[in-house]
Each structure stands twice: as C-alpha cells, then as structure tokens.
4 protein chains.
Amino acid sequence: MDKIKVGVSGYGVIGLRLATGVELQEDMELVGISDVAPTLAIRGLVESGRPYNFYNAMPENEEKLKEAGVKISGTLEDLVKKCDVILDASPGGIGAENKKLYERLNTKAIFQGGEKDEVAEAFFHGYANYSKGVDKDYLKLTSCNTTGLIRAVDCLDKAVGVDRVALTIIRRVADPGDYHRGLTNALQMDRAPNHQAVDLMSIMPHIDATGLLVHTPVTHGHIITVLASTKKKINKEETIEILGKHPRIRTVKIDDGFLGNASLFRYARDMGKLRGDLYEIALWEDSIVNSGNDIMFAINIPQESVVIPENMDAVRAAMGIKSGAEATSLTNKYLGMK
Amino acid sequence: MDKIKVGVSGYGVIGLRLATGVELQEDMELVGISDVAPTLAIRGLVESGRPYNFYNAMPENEEKLKEAGVKISGTLEDLVKKCDVILDASPGGIGAENKKLYERLNTKAIFQGGEKDEVAEAFFHGYANYSKGVDKDYLKLTSCNTTGLIRAVDCLDKAVGVDRVALTIIRRVADPGDYHRGLTNALQMDRAPNHQAVDLMSIMPHIDATGLLVHTPVTHGHIITVLASTKKKINKEETIEILGKHPRIRTVKIDDGFLGNASLFRYARDMGKLRGDLYEIALWEDSIVNSGNDIMFAINIPQESVVIPENMDAVRAAMGIKSGAEATSLTNKYLGMK
Amino acid sequence: MDKIKVGVSGYGVIGLRLATGVELQEDMELVGISDVAPTLAIRGLVESGRPYNFYNAMPENEEKLKEAGVKISGTLEDLVKKCDVILDASPGGIGAENKKLYERLNTKAIFQGGEKDEVAEAFFHGYANYSKGVDKDYLKLTSCNTTGLIRAVDCLDKAVGVDRVALTIIRRVADPGDYHRGLTNALQMDRAPNHQAVDLMSIMPHIDATGLLVHTPVTHGHIITVLASTKKKINKEETIEILGKHPRIRTVKIDDGFLGNASLFRYARDMGKLRGDLYEIALWEDSIVNSGNDIMFAINIPQESVVIPENMDAVRAAMGIKSGAEATSLTNKYLGMK
Amino acid sequence: MDKIKVGVSGYGVIGLRLATGVELQEDMELVGISDVAPTLAIRGLVESGRPYNFYNAMPENEEKLKEAGVKISGTLEDLVKKCDVILDASPGGIGAENKKLYERLNTKAIFQGGEKDEVAEAFFHGYANYSKGVDKDYLKLTSCNTTGLIRAVDCLDKAVGVDRVALTIIRRVADPGDYHRGLTNALQMDRAPNHQAVDLMSIMPHIDATGLLVHTPVTHGHIITVLASTKKKINKEETIEILGKHPRIRTVKIDDGFLGNASLFRYARDMGKLRGDLYEIALWEDSIVNSGNDIMFAINIPQESVVIPENMDAVRAAMGIKSGAEATSLTNKYLGMK
C-alpha cells in the first residue's frame, strides 16, 4: 500500500514534534514542512544536518531564510499539492486562514487545539471518538491538557462508567524557551469552567464535566487533579489496574523519584528520549484516593509531546482507516509506547 | 477588667504577626516576645525603634544578641512567669519542648499548626469549634491552609450543610525571604490525602474530606480549589451571598484586577496594610461553578497572616470567654475586619 | 513659608509611593492624585479609608470609577491648576503628552525614567547634579537602577575620584503583582551597553561607563555588580567607610542574614516599613573585592521605592531651593533615613 | 591500538553524560558505570533498553536495584579492575573516598569540580594546561562555570594576552529535575571572590582574576559577564573573530532568537541533540562592548554538558597522549563540534 503523504504546516513546538512523529510512522511519508521565518526551530533543523524539505509560507521572507542557510523547496501551496493530508500546527487562527488553501487544493487537514471548533467537521480524540474522524476532510485535535485528560477519563469510562468529572488544572504558563510570556512569583486564576472541561464534554457528551484552572510559573508539564464519579465505585488498586494498562498512560511513584513534573522531564532526558519527550501522561499512584463514592487522582501532561499520538491517529482516521483499535495500535507501535 | 497578659514565643513569620495582633486587641497586653538569636525579624524590630520587651530563650546567644543591639529583658522563663497565656510560634517540635516549661509554670499556651496534635487538649478553630477551646490550658491552632479552608467550609456548612469536600491545594512553597527552601521551575506532588483535609475532619468530623496538594514555585498565597457537596444545592449567586457575608472572607473579581495571589498581596501593600498582610481569605467570584449537585470554587490563603485572627480567638477561649460569637467579633473589630 | 503644592499624576507602583513621600515632607502639601481607572491601587486607597483627593484623567471612565466607590474631586486639569509642581508617574510616553497641559497651565513637572530625555530641561539626580535642577520647569529623574547606582558611584567619586565603571545589572523582571510580563525559568540578555551606564554618563560625563544587563525571574530588587576604577586605590574597609556614611546607602552582611534581595524585602516588611519599602540601596560588605587597582562590589536596588527621595529633592530644586545639601538633608529627615 | 578502557563512577547529571561522551570516542571503550541506588537516571537507562554494564557501589542496595530491574554486573571494585581510567562523577567528597580504591587497584582517575583540589596531582583544563595532565594518575577537572570561562579567557589570552579578568556569574541555582534545592523569587549573593575566579588563577596563574556570583532561580544555563583587560586592545569585531573560531565556543545573536539561556536549551532540544545538550559555550555578539581599554562580554554555560569535552581530553592526557592539540581535536571530532 502507498504511504500516506503528510505535510506539516507550522514548525513550532508542536509542528516539529509532529514532523518527527510522522517520520516514525511506517505507513506515512513526511513530504515536507512549512513555516514563515528562520525561527530557532528552523535554524536548529538546518544546523542539525538532517535532510529536510522546507516550503516557504511567507514569500517576502525568502531573503532572510536564505541568509539563515535554509534550502527552500517551494511554497506552502507546493507542499499542499503534494500531500494527502496536512498537519496544521500554525499559531491559533492561522490554521483557519490556511484552510482556504487546503480546500482549494482539495487536501485534507488536521488542526490543533488553538483553532476554533468551526474549522473542522469533527473535534477528534483517537480513543474517545475515533469513528467521528473516519473519512473526514477536516479534523480538529484537542489541546494538550484535554488530550491527556480524555485518555484517562475515557479509559475509566470504558472500564466502569463515568458520570461526572471535576478538574483542577495546574497549568504550566510557558514552554521552555518562551520569552513572550511567563509568570514570575504569581499564580493566575482563570474563569470557571475551564475550556478543557467544556471540550471534554464536546467529545464525551454523556459526562458532566467542569473545573478550575490556575496558571503556575513552570515551563514543563501540567498537573491535573481529577475527581471522577464512576458508575461502579473503585479503589486505588483498581484505578492503577485500569489506567495502568492504557498504552498512553504510565504510572509513577513518589518513592521511585517521581516527585513532580520536573522529575518526568528529567527522566525522559536522562533516558535519551528525543527532545526529552514522553508521549504518555503519567498517573501518580500516591495521588489516588477515594472521596465518598468518587475517585480522585493526579496526572501529568507533557505539553509539548502529548498530542502527537492522537494526531497520528487522526491522519489514519481522515485517510479512511475504519478501526480505531488498528489505528491507535499502529501509532503506539511506531512511537514506541507499550 | 484586667487585660489578658500574652507573651509570644518564637518571633518568626507567624510570631511577629501574632505580636502585632495582640497589640491590637484592646483586652490584651503584649508582655513580651522571645526568640533565640538576632534573626532578621529581631534586627528589624531593633532598627524600627518601636518599644519591645525581648526575652532570650537561648542564654548562650546573649553575646550575639547584644552585638546586634538587642535589649534583653530576661529569659523565656521570666516571660512565661509574667503571662496568662503564651502564643507559641516556635519552629515545629520546639513548642512541645517549651510546653514542659509552660506546665511547670502553670501558664496556658496556644500552639501553631506545626506541632503534633498531642501537644494540646484540643485542635481549635474560632468559628468551627470554639466551645472546644473554652477554659482549656493547651490549644493547637490549625495551619494556614486549614484555617482558611475551614472558614469557608464551616460557613457553607452552617448555611446549607456540607457532606463532603474534595480539595486541590496549590501551595506556595516558601515564604518571601526564605532561602532554606524553594522550588525552581518544578511542581511537587504530595501524597494523598493532604493533611489539611484530615485536619478539617478532625475539627468537623461530620464531613468527609480528602484532597491533593501540589507545591508551586511562588512565595505569597496558596490557592485552594474546593468541591463541596452541600445538603441543599446552591448556585453561584447563593455561594457569593453566603460566603461573602463572613467577616473573614472577602470576595474578589478578575475584572477588578484580582488576577491571582500576587494581585492580593500587591493590593494589601498598595493599601498600606502593615507588612502587606490581609487577615481575610479571598473567594474568586469567577471561580464558582456547579458540578452536578456540588459547588466548586477557589479561595486564596495569605499564609503569613491568615491564622492571626483564630489565634486571638483562641486566647479568649483559653481564658474562659464562653461565647464564640463574642470572642470572634472582638477579634474582627480589633483587627479591622468588616 | 507656604508649603509647596504638589500633585501626583499616575497612581501606579511609583506614583502611590511618590504621594506617600510628599505627605511625609513637612514643607510640601499633597494636593491630590490623578489616574485614569479604578486600578487595584485606587481600589486599595478607597478601601483603606484614608482621605484622598482624586482627579480623573480620563473623563470617559467616570462611571467605572464611581462604581468602584471613588470620590472624584475634578479633572487632571483641575489638579494641575492647584499645584506648583506635578510629579508625573504616568506610564512611559504619557508624561510627554501630559506636558502639554503642564505648559499650558504654567505648572512645573518632574518626569520619571520611562520618559524620553527630551521631555525635560535636565536629567536630574539629587546628589550628583542637584544644581542642574534649580529653578527648572521640567526635570526628568533617572530610573530606579540608575538612581541607586549613581548614589554609590557619585559617593565614591566625591571621596576618591572615579574614572570608569563597568556594570552588570541583574534585573528583576517584573514588580510584585505584575501579570502583564514575567519570565519563567529564563534569563534574558539585553544588548550592550545597558541604558543605565549611558544615563550615568549623561549625569556624570567625566566617567566612562558601560555594562551588561540580564533580566532574571524575580520580582523584588535588582542587584548590580559595579567595577569602579578609582583615582586612588581603595580597599574593602575604605569602601565600607566611604559608602556606609551615605544617608541613602545601608551596608549589610550575609552573616547577619542578608542573603539576597529577598532578605531585604522581608526585613523591611518585618520592620513594618510602609509597603515593605526601603528608600536606601544596600551594599553587601561581603561582595567588596579588589580587582587590580579597581574595586568591585554589589548593591541592591529596591525598585519600587528607591527613586522617591531623589524625586523629593527634585521638587525642591525646581522650586528654587539653591542648596543641594539642604534639599537632600530635608528629604532624608522627612523620609526617616539616617 | 587498543581502546582506552573507561569506567564511570556516579551516574548522575554529569556521570551519565560522561558515559555518553566516552561511547562517542572511537579510541575509548565504556566498560561500565557504577552507582549506589535505582535513581531516576538508572531507571531511565533500564527503561531505555540500551545495553549497559552496571556495577553496584553499595552492596546493601542490591535488592532495591534488582526490584527496579537493574541487571548487576559486579561491584565498583570489579569495574575499577577492568578499567584503565575511571571518570569519577560521584557527589562531592565521595570521589576522595573512592580514590583509596583506585590507588589500591592502581587505576587512574579523573575527578570533577566538586572534589577538593588535594584529590589530584593536577587541576586540569584541556586547552589551558593540557601538558600538566600528561601521564598523571589523578586529575581534577574544573567545575562547569570555570571550564567554560577558561575556554574564553584562554582563547583571548593566546590571541592578544590577558592581564586581568573581573567576572559576574549569574548562576542557575539547580539542575532541571532538582527538588533538593531551589530558589523561589530570590537572588542569592555569594561572598567575593567567587571560586571560579580563584580556580581560573590556579590554572592560569599569570592572570589576576576575581568576581562576584549571584544565584538566580533558573535551572538551565549560567550566564557570566567577563571584563577582560587584554594586552592589546581589541574591539567587538576582533573579539567575535577570536572567540568565534574556537571549536568549543559558538557565537549567537539576539536578533536570531537567542534571547537568553532558555533559547539555547530550546535550540538544542529542537535540533534533536541528545538530552538537549550543547557542548559549546555561547558568546552573545550583542553583549560585546569596550570599557576603556578592556573588553566586556557575556557567555552562556550549559552546566550539564559543558565539562564533557574537557573530561575526554583529560582521559587522553592521563593515558599519555602528549599533544594537547591532538587530544582536543579528537574530542571535538567525536563529539561533533566544529
């Protein structure tokens, strides 16, 4: 069978990881990437010496790109023409602009969480609603927190049924390397409910979800506390058993040295994972506790990489692979998850 | 009536605020303070030029204290002899040591949250269980988070009944000026359940409480998200109405500029509050949201000053004032709360 | 003699401290303050219950201000008419706008470091070039770092002569309470030379000054390392002797607990200084070291309050007090410096 | 020629990078690594699936190690017996303990900056004093800041002569993943002079060096500002020319997106460098400025990886390779530096 031809538009924190993700899928081919300027990510790609096909999405920056040593293979339009599907990881709002081009050239596209829901025919998660994405032309993925959260909630839901979730999201405020935003010695309150709860209900409409979000001055890894009302009451051991089997969830313990989000980032770097990226969310075993009939626990969301697997799933759904089980297990295999 | 003679043992972050609190109570007299070394707080007191009576709790440091210009009025034992009640704000564990002295000299004492429960006859909160403290010799106050949390939960409980609370505590990791601990770009997970939930159940045994705690790299003000299952379902407006009337709770809005814990600290400093201290916890109106039949909201805990009012209440309880309503309203009046 | 009538335009971090500073000067009268909206600072002023005269600089916000409980005494124009001199602490650039009003109403004005140099007839420092400000209509003060730095360099220069300074400014990135900017786990390099060195040369043209500036994720207190080439070589003890006598410089030691900028902020709060403000810069005795014939040392700049004294000096200069020694010693006395 | 047999004792932040470094040297063989417990780094190695030879330096932890899935090849003594040279990256002080074993077994060892100078026959830097290390049994490497600093100063010194350096070290306070130390919203002053200046003089005794060090709440990358008095005055362009040619120094520009230490870390991660590690220090072109006849500039020190190259050099020196030029150029080639 022919490989699926994939392009990545927007080579930022998410885009460069999508490109790597595609390169790892044996049933896909990375046709090229596109961006608008010689950003750090593009400069790094050039310095790395790895082969690349760069398509320039902003013709007026051609000179600057060339000065930075970027070899240009064409325009964004050229890239789109060569692809079956574009993974669009442009800054929020640009994806909607780009969509006009994708429509004109009759190319499928997957958008990220920063775009408005209207950009796509379906709001997609590889495990929770795979079938909604099959054969669609335009899909929108959930944001990093929602993606990781849904993994856990959907997994619980399939095992014992979930009626209600109440979240507290302890959000990292910036990505490593960000200078355009940050907090210094300040927590910031968001209005309730947080959009992640609302998005979860959009994907899993049978669940009552709400929650609060607080921004914190850290750069790597959100922590979400989840209170889930399950149809069947479960205890700590059962929770570990259920969530621990999920290929995209790892369970960790404080006693093993996983003291917080920073331990997980260090662990991935120590291991030699590319860019220090984990694709799995982590569940702290020490955090699981019953509250009445409900179960409460904390998970870690590696914001830079967590959405990559579900994006790979989405490509397969859009390209017509009918079985979510098949699609997700291919993703898991190629990305090296259990 | 004679004023209650009060001494403060341990002139750290809490102790110096207790001393100020006592000075503001018209029915109390601050006999003196005690500490072991010329700390920054003691040096500041000396430089301030304000009158003080310092009792040296560590005779071997007399030279150092004198070099720092500290005028010494006697030993800790001398202080205890002159007092009806000691507010002990020594580092955790030292209070239990000091208790032997208090017992020997037949002096009542109020301990802080860092001591073990066994140090006292009752674990005390001015609103939730005032009567437990009346005429007792040794009381232990709840820690900063628990004190503020109980204010809110007890207030809700008295209005509509509370069966269950599930908390997420987003904890500041150090006090402003701390160099002996801190986090840099890291969130730290605690084991569940957090002690604040356990302590709440100790004071309010009819409530099922549990929760998670995450340390964050900020120095001023915890944020707690509370999910409360009330006997009677209440909405946002009712929650504001109920909690907003409490003399030790203020309601704030994001639109008014209260974006997070740092806004509240700045607000108090701008206002000219001594040391930038607020005695009230703050409830974000924008955080209140229903989750099923439960209500969820976020409060801010000013960790340095929040326990001062309940300590003043405790002094009155220990000294035999029977009415909690009278004791707390005196505290509120003298501390300038509504 | 009649008191100098002073108004403060812009009631932010600096403006509210200028207002307090003016209130403390026995030869000045605070006519009123002006701002454009019910900011946290204004809300705090209202809640504090202290008397104030508020002049509304943005008529379209009258409703909002009234809703926030602000009593309005008139417009900015009304305030200017009543004053001999306006301390303008508006955001950078607004001062230049306001100047048109000051000129039209023939009122003197003192601008802060955020304005361009052209706004004023002289760039002013109370100690280094007081005479340049005498009888002028429009003065511009140096920014916080430059103000504190010049105190130290001018003091050394007057004692032993200074030919050259090379600085490294370790800059706090935001004020406490700021949510519009911040850094999280990042240092940020500025282009050389830093403006503080350039500004120093503008005030003290006989000195060769340059330096580097690095933004750091802290909110309270800059640290500047200064390498000064003095005409006469001095050692550590002489440096302490010279700088320690300055009324606006305090010397501190690590062994006394002054471990960094955060110790100084805590010290001021512990002492009960209004808003935790120190007017003095601090010199670490432990930092003083010879480098060849040069002397190197580190100073702390309390960014919120350090410029207040020099602003008071500037008012007196503008109003015609000829003697800098007299003007600065009045400031020092009224602000409680040694 | 036989490969040099190298063991790594202590598999922490530095040790695991030394192991990787040795694996990349074609003239060396990594015999094995040693540590005392199933730390995160060891757990990561096990999970990674990469082959390893682990020697247990703390027999009483054998059970714990096995529970964590660690395959044990023997004791530390077994490892030492098989090696020509041990790279000891144990926590400070443990290296001196281990040395007894190395002496008994007649094995050469390279110690890191955390050990006391007395542990070794020479304090070593691959460029500045290579010949001091030739054929020695025990060498001590400089710490991360000193290593990077000496690269720059030695390079300048060889080109135009350096008489004096005055430093300001803006130090990261913890490594990514550290929970045992950290600063939150605080800068911390160290006593002058900093040890890096003293160490530099120990390696380069003809230079007069001193400086100040301030700890800052960031985790990745120190910044050092250097004022160097050169024998021949040089300007910005000449400085770029001289330092930019060094194989272990890269020059960067703010306009290219290198805004601070965090940009460099992100750049290395984006590029796909193992663990996000750069071996080079970075020089900001925008920071170079003349101060009188001196030159001033800022460099970035990637604290986790910067010492790896000089350690590789040290192995070759200890093993008798006479030419520093040959040794360093092998290191540079195998580590992929220009």
Side-chain angles (χ1 to χ4, degrees), chain C residues 163-170 172 176 183-194 197 208-227 229 236 252 254-255 258-263 265-266 284 286-294 296-298 300, chain D residues 163-170 172 176 183-194 197 208-227 229 236 252 254-255 258-263 265-266 284 286-294 296-298 300:
Chain C
D163 289 325
R164 180 264 300 255
V165 294
L167 316 169
T168 297
I169 302 188
I170 301 164
R172 72 85 183 83
L183 284 178
T184 301
N185 199 36
L187 301 172
Q188 184 168 2
M189 233 14 255
D190 251 33
R191 288 167 217 279
N194 56 53
D208 173 24
T210 195
L212 304 182
L213 183 149
V214 178
H215 303 261
T216 63
V218 298
T219 65
H220 202 278
H222 311 278
I223 291 181
I224 308 181
T225 70
V226 181
L227 175 120
S229 303
K236 177 174 175 170
V252 298
I254 291 173
D255 283 342
F258 293 96
L259 304 183
N261 62 341
S263 303
F265 183 39
R266 180 177 165 187
W284 271 280
D286 320 77
S287 74
I288 307 172
V289 70
N290 277 107
S291 172
N293 290 317
D294 303 336
M296 198 171 181
F297 55 85
N300 182 75
Chain D
D163 289 325
R164 183 264 300 257
V165 294
L167 317 168
T168 297
I169 301 188
I170 301 165
R172 72 85 183 82
L183 285 178
T184 302
N185 199 35
L187 301 172
Q188 184 167 1
M189 233 12 256
D190 250 32
R191 288 169 217 278
N194 57 53
D208 173 24
T210 194
L212 303 181
L213 183 149
V214 178
H215 303 260
T216 63
V218 298
T219 65
H220 203 278
H222 311 278
I223 291 180
I224 308 181
T225 70
V226 181
L227 175 120
S229 302
K236 177 173 175 171
V252 297
I254 292 174
D255 283 342
F258 294 97
L259 305 183
N261 61 341
S263 304
F265 183 40
R266 179 177 167 186
W284 271 280
D286 320 76
S287 73
I288 307 171
V289 69
N290 277 107
S291 172
N293 289 318
D294 303 335
M296 199 171 179
F297 55 85
N300 181 76

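Just so it is clear, the values below take in all heavy atoms, side chains as well, and ignore hydrogens, waters and symmetry mates. Within every chain, numbering begins at 1; the chains are lettered A, B, ... in the order of the sequence lines, protein sequences first and strands thereafter. If you're wondering where the values come from, they're calculated on a predicted model, not measured in any experiment.
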**Prompt:** Sequence neighbours excluded, which residues qualify as ring pair (Phe, Tyr, Trp, His ring centres under 6.0 Å) partners of F297(D)?
**Reply:**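 Partners of F297(D) under the ring pair (Phe, Tyr, Trp, His ring centres under 6.0 Å) test: none.
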
Is there side-chain contact between D294(C) and R164(D), with heavy atoms separated by less than 4.5 Å?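 With C-beta onward as the side chain, the pair touches.
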
Tell me, do R172(D) and L187(C) make a side-chain contact under 4.5 Å, heavy atoms counted?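 The answer is no, as the side chains (C-beta and beyond) never meet within the 4.5 Å cut-off.
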
Taking all non-hydrogen atoms of both residues, which atom of [X] and which atom of [Y] are closest, and how far apart?
{"X": "A262(C)", "Y": "N185(D)", "result": "CB-O, 4.1 Å"}
{"X": "G211(C)", "Y": "M296(D)", "result": "CA-SD, 4.1 Å"}
{"X": "L212(D)", "Y": "S287(C)", "result": "CD2-O, 3.1 Å"}

For [X], is it the side chain, the backbone, both, or neither that has a heavy atom closer than 4.5 Å to a heavy atom of chain D?
{"X": "T216(C)", "value": "side chain"}
{"X": "D208(C)", "value": "side chain"}
{"X": "L227(C)", "value": "side chain"}
{"X": "R191(C)", "value": "both"}

Between [options], which residue shows the highest count of heavy-atom pairs closer than 4.5 Å to chain C?
{"options": "V165(D), N261(D), I288(D)", "answer": "N261(D)"}
{"options": "T168(D), V214(D), N300(D)", "answer": "T168(D)"}
{"options": "D190(D), L213(D), D163(D), T210(D)", "answer": "T210(D)"}

For chain D, which of S263(C), A197(C), P176(C), A186(C) has the most heavy-atom pairs under 4.5 Å?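 Counting heavy-atom pairs under 4.5 Å, the top option is A186(C).
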
Taking A166(C), S291(C), P193(C) one by one, which has the highest count of heavy-atom pairs under 4.5 Å against chain D?
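Of A166(C), S291(C), P193(C), S291(C) has the most heavy-atom pairs under 4.5 Å with chain D.
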
Measure N290(D) against the heavy atoms of chain C and call it side chain, backbone, both or neither at under 4.5 Å.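 The backbone, not the side chain.
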
With a 4.5 angstrom heavy-atom cut-off, could you sort out which part of I224(D) is near chain C: side chain, backbone, both or neither?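 It is neither, since no heavy atom gets under 4.5 Å.
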
- Tell me, please, which residues at least two apart from N194(D) pass side-chain hydrogen bond (donor to acceptor under 3.5 Å, both in side chains).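 Partners of N194(D) under the side-chain hydrogen bond (donor to acceptor under 3.5 Å, both in side chains) test: none.
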
For this session: For a side-chain contact (heavy atoms from CB on, under 4.5 Å) with I170(D), tell me which candidate from I170(C), T225(C), I223(C) qualifies.
Result: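 Of I170(C), T225(C), I223(C), side-chain contact (heavy atoms from CB on, under 4.5 Å) with I170(D) is met by I170(C) alone.
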
